[in-house]
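In what follows, a structure is listed as structure tokens, so that the remarks can point back to it.
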There are 2 protein chains.
Amino acid sequence: MTTAPTPTPTADWLRLDQQICFSLNAASRAFGGVYRVVLKDLGLTYPQYLVMLVLWEHGDLPVKKLGEHLRLDSGTLSPLLKRLEAAGLVRRERSARDERSVEVRLTEEGTALRERALQVPRRIATATGFDVDEIRELRARLDQLTEALDAAAVEETPGRGA
Amino acid sequence: MTTAPTPTPTADWLRLDQQICFSLNAASRAFGGVYRVVLKDLGLTYPQYLVMLVLWEHGDLPVKKLGEHLRLDSGTLSPLLKRLEAAGLVRRERSARDERSVEVRLTEEGTALRERALQVPRRIATATGFDVDEIRELRARLDQLTEALDAAAVEETPGRGA
DNA sequence: CGCCATTCAGTTGTGTGCAATTGAATTGTG
DNA sequence: CACAATTCAATTGCACACAACTGAATGGCG
């Protein structure tokens with residue numbers, strides 16, 4: 001139905017757009033709420049947990065690389081890493097080879113925290129009520145969306161297109 | 001393949017969990033980036049645009065109702081609404097019937113802005129690269145996810161159940 | 001070698017998000 | 001009517017995000 005005519009009035013577009021950004025926002029914040037509860041035991045916020053995940057998986061990294069993995073810049077990471085350092089989970093050390101760069105290293109305490117974090121994913125997965133295939137499917141869709149949006153953002157920004 | 005055994009080692013769960021929260025986060029921020037560019041002409045941020053959408057659709061509302069539509073509390077809305085008021089788009093007036101309540105009303109300027117905002121959804125929809133059905137499908141999945149996460153958050157929080 | 005563009009982390013300023021608290025207003029109950 | 005519980009907006013404190021800028025360090029190029 002609606003194969004050809006009915007040129008989708010502007011008001012409908014607006015509504016649809018509203019729904020998609022609403023839904024994404026709501027889902028993101030709902031995730032944040034669940035993580036907040038689950039991570040309280042570990043003394044981590046959700047973004048801090050993401051940083052620790054990257055470090056646990058890839059080992060010590062300069063701030064720049066960390067930012068590439070997480071799509072975050074130094075404006076966000078610098079204060080966050082300071083808090084992780086204050087909590088004793090990481091150290092920050094100027095690289096000897098390149099004094100501009102700062103290496104983020106896991107402390108023993110930071111490494112040890114991984115054991116306690118291992119139970120987090122199961123609790124989160126349970127909370128979603130989704131099974132493995134559904135999660136994979138959704139993830140693929142979201143990544144596809146992100147890719148398209150990033151490409152569009154570059155094109156929309158006058159002066160940033162390449 | 002992998003029909004029955006392979007009981008999914010813990011490390012895999014962790015990886016999967018990482019991906020889903022990464023993806024959702026990334027998509028949300030990518031949306032933010034596109035909206036930032038598109039909304040700059042209107043002088044609105046993305047959350048401010050969401051508030052305006054609700055007001056355009058439902059008319060004047062008390063802060064409380066606004067928060068219910070957007071899942072935001074007064075801690076977020078109060079300063080945001082002050083900025084919208086400073087921009088001349090809304091007025092805030094104590095309700096005569098209930099002095100606790102503050103009515104958020106569109107000014108003429110705020111109402112007029114809707115005309116210029118009508119072109120936003122099309123640009124966003126184009127940027128996603130998704131067609132109407134794909135968006136609807138994704139939205140449904142996300143709402144389902146949000147519902148499950150909210151329910152789980154209530155259960156996980158000791159002392160907030162019921 | 002000297003200079004300039006680039007790279008990198010950090011800082012500043014603005015704007016959310018959310019928990020917790022405050023204080024005024026209202027409602028329910030006796 | 002009086003009093004306790006509740007509702008509501010605002011505020012405070014903390015933690016992201018991100019743009020714009022700063023300053024130190026590096027690398028390329030003549």
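Computation of the quantities below employed the complete heavy-atom set of this structure, encompassing side-chain atoms and omitting hydrogens, waters and symmetry-equivalent molecules. Proteins get letters first, then strands, A, B, ... in listed order; numbering begins at 1 in each.
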Problem - Sidechain-backbone polar pair: B:N25 side chain, A:S28 backbone, donor-acceptor under 3.5 Å - result: no
Problem - Donor-acceptor contact below 3.5 Å, side chain A:T76 vs main chain A:L72 - result: no
Problem - Pairs touching residues 61-75 of chain B that satisfy side-chain hydrogen bond (donor to acceptor under 3.5 Å, both in side chains), sequence neighbours left out - result: B:R71-B:D150
Exercise for the section: Classify the ring geometry between A:Y35 and A:Y49 as parallel (under 30°), tilted (30 to 60°) or perpendicular (over 60°). Expected result: tilted
Problem - Whole-Å gap separating C1' (C:dG15) and NZ (B:K40) - result: 16 Å
Practice task
Report the distance from atom CG of A:L39 to atom C1' of D:dC14, rounded to the nearest whole Å.
Solution key: 17 Å
Practice task
Please list residues of residues 65-78 of chain B whose heavy atoms come under 4.0 Å from any atom in DNA chain D, ordered by number; otherwise none.
Solution key: B:S74, B:G75, B:S78
Exercise for the section: Using atom OH of A:Y49 as one end and atom C1' of D:dA15 as the other, report the distance to the nearest whole Å. Expected result: 19 Å
Exercise for the section: Select one nucleotide: of D:dC18, D:dA17, D:dA9, the one nearest the side-chain heavy atoms of A:P47. Expected result: D:dA17
Exercise for the section: By nearest nucleotide on DNA chain C, pick out whichever of A:N25 and B:E99 is the more 5' one. Expected result: A:N25
Handout entry: Whole-Å distance separating the CZ atom of B:R97 from the P atom of C:dT26
Key = 12 Å
Handout entry: Value in whole Å for how far the C1' atom of D:dA17 lies from CG of A:L81
Key = 14 Å
Practice task
Using only side-chain N and O atoms of A:Q48, determine if any of them is under 4.0 Å from OP1 or OP2 of D:dA15.
Solution key: no
Exercise for the section: To the nearest Å, give me how far apart CG (B:L50) and C1' (C:dG15) are. Expected result: 14 Å
Practice task
Using atom types as modelled and distance alone, determine if a side-chain donor or acceptor of A:R116 lies under 3.5 Å from a backbone N or O of A:L42.
Solution key: no
Exercise for the section: Before accepting this row, confirm whether a basic side-chain N of the pair B:E103/B:R92 lies closer than 4.0 Å to the acidic partner's carboxylate O. Expected result: no
Exercise for the section: Return no unless some side-chain N or O of B:K64 is found under 4.0 Å from OP1 or OP2 of D:dT6. Expected result: no
Problem - Minimum-distance nucleotide (side-chain atoms of A:R100 versus D:dT26, C:dA9, D:dA9) - result: D:dT26
Exercise for the section: Round to the nearest Å and state the distance from B:L61 atom CG to D:dA9 atom P. Expected result: 11 Å
Practice task
Report the residue (A:R94 or A:A30) whose heavy-atom-nearest nucleotide on DNA chain C is the more 5′ of the two.
Solution key: A:R94
Problem - Nearest-angstrom distance from the residue atom CD of A:E85 to C1' of C:dG10 - result: 13 Å
Problem - Closest to the B:D98 side chain, choosing from C:dA19, C:dC8, C:dT26 - result: C:dT26
Exercise for the section: Could you tell me whether a side-chain N or O of B:E147 sits under 3.5 Å from a main-chain N or O of B:Q144, the two making a donor and an acceptor? Expected result: no
Exercise for the section: Look at A:T45 and D:dC16 and indicate whether a side-chain polar atom (N or O) is within less than 4.0 Å of OP1 or OP2. Expected result: yes
Exercise for the section: Using only side-chain N and O atoms of B:R83, determine if any of them is under 4.0 Å from OP1 or OP2 of C:dT16. Expected result: yes
Handout entry: N-O pairing of A:E93 and A:R105 below 4.0 Å
Key = yes
Completion exercise
Against the side chain of A:R92, the closest entry in D:dA9, C:dG10, C:dC18 is C:dG10
